[in-house]
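Down below is the structure, laid out as structure tokens.
Keep in mind that the numbers below use all heavy atoms, side chains included, and drop hydrogens, waters and symmetry copies.
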Amino acid sequence: MGTPSEAGIRTDFSHDRTGCAVVYGSCSVGRIDAVIRKEVARADAQGYAIDWKVYGHDQPNDLRERLMAAGFEPEPEEQVLVLALDPDALVQFPESAVVVEQVVGRTGLDDVAEISREIGRTHVEQEREGFARLMATRPDHMTIFIARVDDVPAACGRIYFYDAGGFAELCGGRTKTTFRNRGLYLAIVRARLAEALRRGYSYVPVDALPTSEPLLRKRGFEQVTWTQPLVYRPAKASSIDP
């Protein structure tokens, strides 16, 4: 759960407390550098990484540049897209012969981990354990879908359902390198949109990389802003007391 900060940011620690995500930020120009220094010092002392997601509307306007000056490393910029969801929107994602199923147990999470490892993701085991905990404690908050080719796990994606605002967010679309350009990504998108529609959600946002942005915009997603993760990695890694 996000933690509000008096300094104008909100943080969210990972389940194993080896990482911290800044999920919201709005600080005055006069305070932001001190806030950044405080977060970096705490990460150095306690040995966790910070993933600070900057959005196009965040203040101050040069937040991205200030973070980079403090030692944060930029990752690829993404476009924030939103789809107004109704039955007509789903028509833009026609059904296909791709076999897509919902992940419901440990075996399915093992398959998701296999896909993640194949594309070079790090901390796969920690991520799998985090998914397992979330599915056990908040079963209605996240759904994972997986696509198979000849019974081989080939692609996957998650969708998160929020209590307010009618929003359901697409995350984690991944396809093994050996199965790309076969329509698996769009099949996974369709499955998630259908689930959101079934559950009565009205809007579906997604942070899209250049590889997926054209596919989604062609099918009705509209850009609302940009976002870019910036990551700070402490010199020494250690565990954080729970």
Side-chain angles (χ1 to χ4, degrees), residues 23 53 55-57 76-105 107-109 111-116 119 121 127 131 134-135 138-227:
V23 294
K53 261 201 125 173
Y55 289 86
H57 52 272
E77 183 176 307
E78 302 167 309
Q79 301 304 312
V80 180
L81 311 179
V82 176
L83 178 70
L85 186 60
D86 58 30
D88 289 337
L90 198 61
V91 172
Q92 300 300 316
F93 297 84
E95 293 189 64
S96 69
V98 176
V99 177
V100 178
E101 60 190 42
Q102 182 177 336
V103 171
V104 295
T107 299
L109 290 178
D111 291 338
V112 171
E114 178 183 324
I115 295 168
S116 299
I119 65 171
R121 297 284 298 189
E127 182 182 65
F131 292 159
L134 189 57
M135 291 169 67
R138 300 181 64 190
D140 293 331
H141 179 57
M142 177 190 72
T143 302
I144 305 177
F145 289 93
I146 192 165
R148 301 181 184 277
V149 176
D150 297 330
D151 205 34
V152 175
C156 62
R158 309 187 303 278
I159 182 168
Y160 292 89
F161 299 96
Y162 299 105
D163 296 333
F167 285 88
E169 182 182 15
L170 302 185
C171 293
R174 301 168 186 173
T175 304
K176 284 184 177 178
T177 56
T178 51
F179 289 100
R180 290 175 180 171
N181 300 314
R182 300 192 187 187
L184 303 184
Y185 172 76
L186 290 178
I188 293 286
V189 171
R190 188 190 194 283
R192 291 178 285 174
L193 294 180
E195 177 67 7
L197 187 63
R198 184 186 71 79
R199 293 172 62 166
Y201 283 78
S202 302
Y203 301 98
V204 179
V206 60
D207 296 347
L209 288 166
T211 50
S212 58
E213 179 192 355
L215 297 174
L216 296 175
R217 295 186 70 165
K218 180 179 179 181
R219 292 164 175 82
F221 279 81
E222 297 184 7
Q223 180 188 6
V224 293
T225 188
W226 58 264
T227 184

* What do you reckon, is CD of Gln102 surrounded by more than 12 foreign heavy atoms closer than 6.0 Å? -> yes
* Would you check if Arg199 and Asp140 make a side-chain contact, meaning some heavy-atom pair closer than 4.5 Å? => yes
* To do: Please name the pair of heavy atoms, one in Leu83 and one in Arg219, separated by the smallest distance, quoted to 0.1 Å.
  => CD1-O, 4.2 Å
* Please name the pair of heavy atoms, one in Leu85 and one in Ala196, separated by the smallest distance, quoted to 0.1 Å. => CD2-CB, 3.6 Å
* Pairs touching residues 150-163 that satisfy salt bridge (charged side-chain N to carboxylate O under 4.0 Å, His left out), sequence neighbours left out -> none
* **Pairwise distance OG1(Thr225) to CG(Leu81) - rounded to 0.5 angstrom** => 10.5 Å
* Asked: Would you call Val149 and Leu184 a side-chain contact if the rule is heavy atoms closer than 4.5 Å?
  -> yes
* To do: Please test Leu109 against Ile144 for side-chain contact (heavy atoms from CB on, under 4.5 Å), starting from the C-alpha separation and ending with a verdict.
  => CA-CA 9 Å; Leu109 290 178; Ile144 305 177; 3.9 Å; yes
* To do: Let me know which of Arg174, Lys176, Arg148 forms a salt bridge (Lys or Arg N to Asp or Glu O under 4.0 Å) with Asp111.
  => Arg148
* Asked: So with a 6.0 Å cut-off around CD of Gln223, is the heavy-atom count from everything else above 12?
  -> yes
* Are the charged groups of Arg192 and Glu195 less than 4.0 angstrom apart, N to O? -> no
* Structure fact -> Minimal heavy-atom distance between Pro205 and Val82, with the atoms involved, is CB-CG2, 4.0 Å
* If you take all heavy atoms of Val112 and Cys156, which pair is closest and at what distance? -> CG1-SG, 4.0 Å
* Structure fact -> Nearest heavy-atom contact between Ser212 and Tyr185 is CB-OH, 3.4 Å
* **CG on Leu209 to CG on Leu216, rounded to 0.5 Å** => 10.5 Å
* Determine whether Ile119 and Arg180 make a side-chain contact, defined as any pair of heavy atoms from C-beta on separated by less than 4.5 Å. => yes
* Asked: Going by heavy atoms in the side chains, are Phe179 and Ile115 under 4.5 Å from each other?
  -> no
* Please name the pair of heavy atoms, one in Ile146 and one in Gly108, separated by the smallest distance, quoted to 0.1 Å. => CD1-O, 4.5 Å
* Among Tyr160, Phe161, Phe131, which residue meets the ring pair (Phe, Tyr, Trp, His ring centres under 6.0 Å) test with His141? -> Tyr160
* Sub-4.5 Å side-chain heavy-atom contact between Arg138 and Met142 -> no
* Under a 4.5 Å cut-off applied to non-hydrogen side-chain atoms, are Asp207 and Lys53 in contact? -> yes
